[in-house]
Amino acid sequence: MRFTKSKKLFRQASALLPGGVNSPVRAFRAVGGNPVFIKSAKGSRLYDVDGNSYIDYVLSWGPMVVGHSHPKVVAALKKAVENGTSFGAPTPLEITLAEMVLSAYPSIEKVRMVNSGTEATMSAIRAARGFTGRDRIIKFEGCYHGHADGLLVKAGSGATTFGVPDSPGVPKSYAKNTITVPFNDVKAVKNVIEKDWKSIACVIVEPVVGNIGCVLPKPGFLENLRKLTRKYGIVLIFDEVMTGFRVAYGGAQAAFGIKPDLTCLGKVIGGGLPVGAYGGKKEIMSMIAPEGPVYQAGTLSGNPLAMTAGIETLKILSKGGAYEKLLGRSAELEEALKDAAKRAGAVVKFYRAGSMFCTYFTGKEVVDYETAKLADTKKFASFFARMLSNGINLAPSQFEAGFMSLAHSRRDIDETARAAYDSFRRV
Ligand code: KE4
């Protein structure tokens with residue numbers, strides 16, 4: 001494969017953008033080399049500026065669950081564009097998407113649309129603070145909830161990949177209100193809550209941690225979070241920006257049977273356009289302006305194009321059989337990758353929740369941030385590079401989840417398995 005044009009573009013971009021990118025995880029710093037510049041995408045495939053094509057397991061970091069440039073999404077967007085791209089006034093589309101979200105997430109009684117996952121979590125926390133009159137929050141090590149101040153404490157995603165889990169620029173006075181505990185450690189949460197509940201507004205959690213790969217909750221962990229928070233009047237926030245409409249149509253809360261007080265969504269509900277949403281119990285959501293005093297706003301919130309892409313994506317996903325197909329294909333991929341690793345003699349641990357997954361280069365079970373960090377990032381880097389040159393696009397970090405879409409075919413999986421066998425052997 002040749003990357004001549006990508007290399008040239010990256011040199012140009014690096015003079016103009018910090019690190020040559022508009023989001024750190026896109027740079028290949030953790031795996032070496034230059035990021036590939038993309039020209040177009042269709043179905044399960046990405047096409048770069050040098051004419052190479054890849055089977056894509058990044059899917060724009062999650063949103064493209066029906067595949068890239070799905071004909072129905074594209075057609076609806078074309079029509080929507082003709083009507084105008086933003087009005088700063090309500091549209092019927094916001095009602096349609098809100099209805100779809102509410103019917104898929106029974107815990108959500110009212111929802112507010114925003115423009116990113118970061119806005120969703122930041123605003124949900126503000127709502128929880130406004131509702132309880134308390135300031136402190138509990139988050140879990142390695143969970144990433146966007147880049148708001150106070151959430152960049154022991155954060156996952158790029159913050160872990162690049163070794164800045166506690167970001168400079170976050171005032172100590174903000175960070176001191178964030179208490180971090182290990183994921184899957186009920187005792188640690190219990191200790192903090194029993195001691196300090198009077199000052200704790202909320203517990204925010206990625207129910208499956210996709211920002212240090214794919215870490216599953218141990219049986220009883222989420223149930224215990226629910227029990228403890230209910231007992232002490234603490235708001236339980238599920239950050240389902242990644243897991244929403246991905247682990248199951250109803251997200252991790254449906255898969256694990258837990259009802260959080262607030263839920264954050266993003267990615268899939270925008271069908272590839274900028275979006276986020278937060279919602280939950282009526283009594284908390286009615287705190288939000290203009291119904292209540294907690295202020296939160298947005299020039300482009302509920303944007304008609306984002307609503308359109310989200311509605312069309314959810315329509316496709318909610319059709320009979322779509323999830324069975326998506327989860328069936330994801331299970332096939334799991335089998336194929338595990339088999340390739342075994343045949344190649346690679347020591348890895350593979351985890352999957354619905355249509356998100358991660359292959360860790362370690363022999364130990366991964367249950368939290370500390371155990372995820374034991375994975376061999378050098379081995380991952382060489383696996384990543386070989387996969388890329390075999391035409392498979394993975395996230396350029398050991399600490400990110402991979403994603404499947406409805407567009408991935410049996411042939412794609414076979415091709416991925418062949419590439420994986422070769423790449424595991426190289427490692
Ligand atoms: P955005 O602000 O990037 O839309 O969403 C923030 C966010 C919040 N919560 C969870 C659970 C998330 O996974 C994210 C964003 N995820 C990363 C990928 N791990 C987005 C990719 C990027 O930062 O470029």
Side-chain angles (χ1 to χ4, degrees), residues 17-30 35 38 56-65 113-125 137 139-162 164-165 167 183 202 204-215 217 237-247 251-253 260 262-278 298 300-301 303 306 309-310 353-358 369 372 393-403:
L17 313 169
V21 289
N22 278 313
S23 191
V25 294
R26 296 177 197 173
F28 279 23
R29 295 212 167 183
I38 303 302
D56 185 22
Y57 293 100
V58 181
L59 297 174
S60 189
W61 303 86
M64 315 312 297
V65 68
M113 300 294 169
V114 292
N115 304 294
S116 67
T118 297
E119 270 187 71
T121 56
M122 183 183 84
S123 311
I125 288 171
I137 68 171
K139 84 172 270 295
F140 295 89
E141 293 169 6
C143 282
Y144 176 72
H145 305 292
H147 61 87
D149 288 334
L151 285 170
L152 286 179
V153 182
K154 299 231 170 111
S157 191
T160 290
T161 303
F162 305 121
V164 283
S167 175
F183 187 73
C202 64
I204 184 166
V205 65
E206 280 184 76
V208 174
V209 195
N211 283 291
I212 41 171
C214 183
V215 179
I237 306 176
F238 270 16
D239 178 352
E240 298 230 42
V241 167
M242 192 185 284
T243 53
F245 295 96
R246 194 159 256 303
V247 166
Q253 52 196 273
L262 291 179
T263 299
C264 301
L265 294 167
K267 300 194 192 270
V268 169
I269 61 157
L273 273 85
V275 103
Y278 66 104
L300 294 173
S301 293
N303 175 267
S355 57
M356 56 189 268
F357 61 89
C358 184
Y369 182 69
N393 186 50
L394 303 173
S397 165
Q398 171 70 92
F399 305 111
E400 296 283 356
F403 301 106

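Side chains are part of it too, since the values below use all heavy atoms of this structure and drop only hydrogens, waters and symmetry mates. When a ligand or atom number is given, it counts from 1 through the structure's own listing order. Not measured: the values here are computed from a predicted model.
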So, for [X] and [Y], which heavy atoms are closest and what is the spacing to 0.1 Å?
X	Y	answer
Val205	Pro207	O-CD, 3.3 Å
Pro217	Val208	CD-CG2, 4.0 Å
Thr160	Ala155	OG1-O, 2.8 Å
Met356	Cys214	O-SG, 3.9 Å

#### Entry: Close side-chain approach of Arg246 to Leu59, heavy-atom, < 4.5 Å
yes
### Query
Strictly under 4.0 Å, does any heavy atom of Ser157 approach an atom of ligand 1?
yes
From [atom], work out which of [options] has a heavy atom at the shortest distance.
atom	options	answer
atom 8 (C) of ligand 1	Gly146, Ser116, Ser397, Cys143	Gly146
atom 3 (O) of ligand 1	Thr161, Val241, Thr118	Thr118
atom 15 (C) of ligand 1	Glu400, Met242, Lys267, His145	Lys267

Which of the numbered atoms in ligand 1 are under 4.0 angstrom from any heavy atom belonging to [X]?
X	answer
Val25	21 (C), 22 (C), 23 (O), 24 (O)
Trp61	18 (C), 21 (C)
Glu206	11 (C)

#### Entry: Distance, nearest 0.5 Å, that separates CD1 of Ile237 from NZ of Lys139
13.0 Å
### Query
From Ser301 OG over to Glu119 CD, what is the distance, rounded to the nearest 0.5 angstrom?
5.5 Å
Counting non-hydrogen protein atoms only, what is the nearest one to [atom]? Give residue, atom name and distance.
atom	value
atom 4 (O) of ligand 1	Gly117 N, 2.9 Å
atom 24 (O) of ligand 1	Ser23 OG, 2.5 Å
atom 9 (N) of ligand 1	Asp239 OD2, 2.7 Å
atom 19 (N) of ligand 1	Asn211 OD1, 2.5 Å

Donor-acceptor pairs under 3.5 angstrom involving side-chain atoms of residues 394-402: please list them, not counting sequence neighbours.
from: Ser397; atom 1: OG; to: Thr161; atom 2: OG1; distance (Å): 2.8
from: Ser397; atom 1: OG; to: Phe399; atom 2: N; distance (Å): 2.9
from: Gln398; atom 1: OE1; to: Phe361; atom 2: N; distance (Å): 3.1
from: Gln398; atom 1: NE2; to: Thr359; atom 2: O; distance (Å): 2.9
from: Glu400; atom 1: OE2; to: Ser157; atom 2: OG; distance (Å): 2.8

